[in-house]
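What follows is a single structure, written as structure tokens, with notes after it.
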Number of protein chains: 2
Amino acid sequence: MDYPVFAVTVDLVVLTVRDGGLHVLLVRRGLEPHLDRWALPGGFVHADEELAAAARRELAEETGLAEPGGHLEQLASYGAPDRDPRGRVVTIAYLALVPDLPIPTAGTDAAEAEWRPVGALGLAFDHDRILADGVERARSKLEYTPLAAAFCPPEFTIAALRQVYEAVWGESLDPRNFHRKATTTPGFVSPTGGTTEGEPGRPAQLFRRGDATLLNPPILRRAHGA
Amino acid sequence: MDYPVFAVTVDLVVLTVRDGGLHVLLVRRGLEPHLDRWALPGGFVHADEELAAAARRELAEETGLAEPGGHLEQLASYGAPDRDPRGRVVTIAYLALVPDLPIPTAGTDAAEAEWRPVGALGLAFDHDRILADGVERARSKLEYTPLAAAFCPPEFTIAALRQVYEAVWGESLDPRNFHRKATTTPGFVSPTGGTTEGEPGRPAQLFRRGDATLLNPPILRRAHGA
DNA sequence: AGCGGTTATCGTCAGTATGACGTGAAATGG
DNA sequence: CCATTTCACGTCATACTGACGATAACCGCT
């Protein structure tokens with residue numbers, strides 16, 4: 001039996017929350033095809049490498065960080081026959097949610113790297129579609145899982161957590177109701193005992209991630225049709 | 001630049017509901033490796049073929065049906081370096097939810113095909129893991145989407161729909177509360193006007209799928225830890 | 001026809017979750 | 001010291017859910 005040969009890449013949708021908005025990590029391509037265009041970070045999977053390991057490796061190479069308390073999961077695979085002019089390339093996209101990082105350092109095959117607000121960006125390949133899928137995945141995961149905390153540093157306030165929801169969903173939430181929901185949902189967050197200092201207003205309690213993997217009951221956004 | 005070469009396959013987790021239980025379509029392998037062992041149906045992606053098209057083709061080949069009103073979606077990709085002794089093979093798994101079909105016909109490279117209750121089956125390759133992921137995906141999709149109807153014929157009763165939930169979740173639901181929920185959730189089901197005939201008990205109204213793609217509010221199962 | 005069994009459908013009611021919003025607490029910066 | 005800011009907690013009406021009673025409309029049997 002014989003069969004067609006493929007190249008396999010991983011691409012990363014790395015999301016973070018900066019100044020109240022959802023941002024994605026992009027790199028400017030330093031190689032053909034799509035030279036100089038913006039794209040998601042990614043690269044070829046090595047000959048004897050796990051897919052998830054390849055994703056972690058690319059993440060570390062592009063950001064200079066080895067998983068800073070964030071979250072990494074497989075998103076989906078894309079393999080349209082004409083998606084890459086070099087030949088038949090299937091890419092496994094991964095979704096990473098990370099705290100706001102100092103600034104990404106340019107990697108090996110990327111001339112530059114930077115955070116860009118998500119939206120209609122004209123990215124290389126089919127990366128606009130992959131990004132849209134990643135954003136939608138993040139939006140719905142916030143409803144049913146405690147993953148919002150992956151966008152926060154190890155210790156955070158309820159207000160910071162709420163701002164994550166507001167940035168990712170693009171809607172504002174009532175601070176008092178959100179506080180009640182976050183603190184009473186079992187396993188979502190647990191208090192560290194510390195408080196903020198030096199901020200304007202009353203000091204806020206600090207929390208860390210709880211041990212739940214699923215929020216029950218979930219935190220539902222308003223009807224988001226289709 | 002050079003890069004490693006891969007083979008790419010699609011594997012299918014085809015689920016249906018039969019006599020009150022969730023069943024998966026398995027084939028007995030007619031080729032090495034894992035000759036004669038049970039496995040998920042699947043095969044190599046052709047040189048110029050979309051991934052989803054390959055999944056549909058394999059589904060048609062294995063079951064003799066071209067999407068009988070069911071549902072097909074990408075599940076996840078699996079690419080451990082040693083998952084296939086023939087070499088580096090990445091598989092894109094697809095999840096199909098279909099109505100109870102007469103009986104699958106054996107395909108080209110499968111000696112036999114049959115429905116088996118899901119559970120701890122000792123499948124070839126990493127197919128136990130893929131199956132488990134598919135079942136979990138189906139369980140959670142029933143909560144937030146109207147996909148339960150994909151397991152039913154075009155017209156069905158509320159009781160049939162409830163039995164889908166009971167089979168997939170493995171728990172029993174109150175018929176009266178489920179009836180209220182299914183009929184009042186906007187876009188879930190719409191009445192055809194017809195009723196069942198010849199069945200024991202009071203005749204039931206017939207429904208077809210509504211036009212919603214998301215259930216709001218969702219139908220949540222009881223706390224399913226982890 | 002009449003009757004018991006079966007299933008569908010509708011209704012009630014208490015407990016819980018949610019959204020809207022009022023109010024005091026505890027800090028900061030003039 | 002006072003105005004401002006943000007946190008934290010409380011109240012209340014409404015909606016949703018789960019438990020379960022009651023009735024409707026068919027079956028098969030005698």
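Note on naming: letters A, B, ... go to the chains in the order of the sequence lines (proteins, then strands), and numbering restarts at 1 for each one.
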Check: B/D11/B/T91 side-chain N/O donor and acceptor closer than 3.5 Å: yes
Distance-only donor-acceptor check, side chains A/Y144 and A/N216, under 3.5 Å: no
Enclosure of B/R137 CZ (heavy-atom neighbours >12, cutoff 6.0 Å): yes
Please report the distance, rounded to the nearest Å, between [atom1] in [X] and [atom2] in [N].
X: B/N216; N: D/dC16; atom1: CG; atom2: C1'; value: 12 Å
X: B/L220; N: D/dC16; atom1: CG; atom2: P; value: 13 Å
X: B/L215; N: D/dC16; atom1: CG; atom2: P; value: 14 Å
X: A/F178; N: D/dC9; atom1: CZ; atom2: P; value: 15 Å

Distance in Å, B/L206 CG paired with B/S190 OG, rounded so as to fall on 0.5 Å steps: 11.5 Å
A/W115/A/V24 under side-chain contact (heavy atoms from CB on, under 4.5 Å): CA gap, chis, key distance, verdict: CA-CA 5 Å; A/W115 292 116; A/V24 60; 5.6 Å; no
Set of residues satisfying ring pair (Phe, Tyr, Trp, His ring centres under 6.0 Å) with respect to A/F188, sequence neighbours excluded: none
Contacts of B/R202 that satisfy salt bridge (charged side-chain N to carboxylate O under 4.0 Å, His left out) - sequence neighbours left out: none
Cation-pi check, B/R116 onto B/W38 ring (under 6.0 Å, within 45° of axis): yes
Check: protein-nucleotides 6-8 of chain D nitrogen or oxygen pairs below 3.5 Å:
| from | atom 1 | to | atom 2 | distance (Å) |
| --- | --- | --- | --- | --- |
| D/dT6 | O2 | A/R202 | N | 3.3 |
| D/dC7 | O2 | A/R202 | NH1 | 3.1 |
| D/dA8 | OP1 | A/Q205 | N | 2.8 |
| D/dA8 | OP2 | A/H179 | NE2 | 3.3 |

Of residues 185-199 of chain B, the positions that come close to DNA chain C - non-hydrogen atoms, cut-off under 4.0 Å: none
Along DNA chain C, first and last positions that approach a heavy atom of chain B under 4.0 Å: C/dT6 to C/dT12
Salt bridge (Lys or Arg N to Asp or Glu O under 4.0 Å) contacts touching residues 169-179 of chain B (sequence neighbours left out): B/D174-B/R176
Side chain to side chain, A/L161 and A/V189, heavy atoms closer than 4.5 Å: yes
Earlier contact from the 5' end, DNA chain D, for B/I219 and B/D174: B/I219
Taking every non-hydrogen atom, the tightest pair across A/Q205 and A/P191: NE2-CB, 4.1 Å
